[in-house]
Amino acid sequence: MATRSGAAAGRPYELVVFGASGFTGHFVAEELARVAAGAELRGSLRWAVAGRSRDKLQGALDRAAERLGKPELKSEVGIILCDVSDPSSLADMAKQAAVVLNCVGPYRFFGEPVVKACVENGTSCVDISGEPQFLEGMYLKYNDKAAEKGVYVVGSSGFDSIPADMGVLYTRDNLKGTLTAVESFLTVKSGPEGYSIHDGTWKSAIHGLADQDNLRKLRKQIGHKPLPIIGAKLKRRGLVFYSQEFKEYSIPFMGSDVSVVKRTQRYLHTDLQETPVQYAAYATVGGIPSVIKLMFAGLLFFLLVKFSFGRNLLTKYPELFSCGRFTKKGPTQKQIDGSSFTMTFFGEGYCEGQDPQEGKPNVKICTQVKGPDAGYVATAIAMVQAGVALLKDESSLPKQGGVYTPGAAFSKTKLIDRLNKHGIEFSVISKSEA
């Protein structure tokens, strides 16, 4: 089986950032430059940026060089020209790298050619997709082939869904006993400048919600049996509810976290015989005015997304239909600097020596994952550290290659330690015996 260090040894680059000149790609390239110069790698990392335009890629390196005060970046980092619509150029990029960090979305349109090129050429790849249909479609199509080639395809390695997926594992590892259920609450804070999200994420949401039927068909095709429920069944909350813990209203979190965590728990249960953890994800939204605004925007979105003319309207006017949350320009640097997130996990389970199949849960734990701006800064940190973990924690990865969730790929690696050192912090808030 090909190994990462084996693959890296014979290739010009260990890591390649594909789509480095895109909105999110800029942040990933800058973060990788920061990490490459840091204590662990000490300038030894061979890396490159890849995309369609040499000028734009050079511009991304110039920006990173200026922001980090590292003029040498302009000459030290490789530039690879390739286009997602040209398979031979993607194959050429894949052959030059041990791991590709793929920043080119929406992934449902542009993701598969990159996965295909990587798998066929013995290259691992990481993406930051929050699109369950793409993530699970790649599992169905490429898992066996990736296993055969000994490469790791790890999806959802940005803010969707590393904090949630690794947060559940961190909670499990810090509970004395057996963790059986976890609820997470996401709180996002913005500074005085407010915040907006680049409309690439908006487009992914539009297409994802419009295509729910195909996701159901895909899951039928994969054909997994339901996971067994161990311990007390986790009760689902309503569409809008008042959270006593945060003294504000909350709603179910609409991202890919629940589906990613479920896939991780399935892998840990079936392959490693670990107890599966039930999981639900929520987001705090504030007071009554926020709830009304959100419900109105949400209702309109769900109505329009069902029809092609509605989808065209949503795509054309993101700012109008999202009450200013999504814009074609994305957030300013000041908005990004003023933003942060906290994800709080409330776990319950059974103390050591007690059978989780009997009686009520009798231990509780509260943990937290905190970080800078979720959409771009934390996403870049998570993606880069996932890439570094593939390179450096090789002996702790699953025994064979495949298409994995972050939790499945990295549960035995030092990824959480790496994230802690780079600004995404995991901590235990409290533990108690009921």
Side-chain angles (χ1 to χ4, degrees), residues 1-2 4 18 90 94 99-102 104-158 160-162 164-166 168-169 204 207-208 211-227 255-272 274 276-277 279 281 382-383 386-387 389-390 397-413 415:
M1 185 193 288
R4 281 323 81 228
F18 179 48
L90 291 177
V99 178
V100 168
L101 303 181
N102 179 19
V104 181
Y107 291 91
R108 68 169 52 241
F109 300 128
F110 306 119
E112 185 175 350
V114 182
V115 173
K116 185 174 191 284
C118 286
V119 171
E120 285 175 353
N121 292 285
T123 307
S124 287
C125 71
V126 174
D127 70 55
I128 44 177
S129 170
E131 305 159 55
Q133 194 178 337
F134 167 74
L135 297 163
E136 293 172 44
M138 292 306 94
Y139 171 80
L140 183 66
K141 235 171 159 176
Y142 294 98
N143 187 52
D144 294 346
K145 222 176 267 183
E148 204 180 291
K149 288 276 194 177
V151 300
Y152 298 87
V153 176
V154 190
S156 51
S157 292
D160 288 331
S161 291
I162 276 184
D165 206 12
M166 300 310 291
V168 170
L169 298 185
S204 297
H207 296 296
D211 221 3
Q212 285 293 303
D213 287 351
N214 282 330
L215 180 58
R216 277 189 283 274
K217 282 178 198 160
L218 178 68
R219 285 175 175 164
K220 225 177 200 173
Q221 233 179 315
I222 292 171
H224 285 313
K225 290 187 180 80
L227 268 175
S256 58
D257 288 355
V258 171
S259 66
V260 171
V261 169
K262 197 177 212 174
R263 285 173 58 214
T264 294
Q265 294 304 319
R266 172 170 277 109
Y267 166 80
L268 296 174
H269 177 63
T270 54
D271 288 55
L272 304 181
E274 291 175 7
V277 177
Y279 175 66
M383 185 183 216
L390 284 177
L397 295 171
K399 291 286 175 276
Q400 64 179 69
V403 176
Y404 289 102
T405 56
F410 301 124
S411 70
K412 306 262 189 274
T413 69
L415 179 62

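It should be emphasised that the depicted structure is a prediction, and the values quoted were computed from it without experimental measurement.
- Contact record, Ala389 with Leu415: CB-CD1, 4.5 Å, taken as the closest heavy-atom pair.
- Qualifying salt bridge (Lys or Arg N to Asp or Glu O under 4.0 Å) partners for Glu274, counting only residues two or more places apart in sequence or in other chains: Arg172, Lys412.
- Distance check, rounded to the nearest 0.5 Å: OG1 of Thr270 to CG of Leu227 gives 8.0 Å.
- The backbone N or O of Ala94 lies less than 3.5 Å from a partner atom in the side chain of Thr123, making a donor-acceptor pair.
- For the pair Leu215 and Pro132, the minimum side-chain heavy-atom distance is below 4.5 Å.
- Within the 3.5 Å criterion, the main-chain N or O of Val277 finds a donor-acceptor partner in the side chain of Gln265.
- When side chains are defined from C-beta on, Tyr404 does not count as touching Thr264, because their heavy atoms never get closer than 4.5 Å.
- Between the NZ atom in Lys116 and the OH atom in Tyr142 there is a gap of 6.0 Å [rounded to 0.5 Å].
- Considering Val154, Val104, Leu135 in turn, Leu135 is the only one that fulfils the side chain to side chain contact (heavy atoms under 4.5 Å, CB included) rule with Asp127.
- You'll find the side chain of Asp257 reaches within 4.5 Å of the side chain of Tyr279, heavy atoms only.
- Using a distance-only test at 3.5 Å, with no hydrogens or angles considered, no donor-acceptor pair links the side chain of Ser161 to the main chain of Ala164.
- Heavy-atom minimum distance, His269 versus Pro276: ND1-CD, 3.5 Å.
- Judged purely by atom type and a 3.5 angstrom limit, Ser157 uses its side chain to pair as donor or acceptor with the backbone of Gly155.
- Between Gly105 and Phe110, the closest heavy-atom pair is O-CD1, 3.4 Å.
- From Arg219, atom CZ reaches atom CD of Gln133 across 9.5 Å, with rounding to the nearest 0.5 Å.
- The OG atom of Ser256 sits 4.0 Å away from the CG atom of Asp160 when rounded to the nearest 0.5 Å.
- Shortest non-hydrogen contact noted between Tyr152 and Gly401 is CE2-CA, 3.9 Å.
- Contact between Ala147 and Gln400 at its shortest, heavy atoms only, is CB-NE2, 3.3 Å.
- Atoms OG and CZ, from Ser204 and Phe134 in turn, are 10.5 Å apart once rounded to the nearest 0.5 Å.
- For Lys145, there are no salt bridge (Lys or Arg N to Asp or Glu O under 4.0 Å) partners, not counting sequence neighbours.
- Here the closest heavy-atom approach between residue Cys125 and residue Cys118 is recorded as CB-SG, 3.7 Å.
- The main-chain N or O of Tyr107 is found under 3.5 Å from a side-chain atom of Glu131 such that the two form a donor-acceptor pair.
- Looking only at side-chain heavy atoms (C-beta outward), Leu169 and Leu268 come within less than 4.5 Å of each other.
- A distance of 8.0 Å separates OH in Tyr139 from CZ in Arg263, rounded to the nearest 0.5 Å.
- At least one side-chain heavy atom of Val114 sits under 4.5 Å from a side-chain heavy atom of Phe18.
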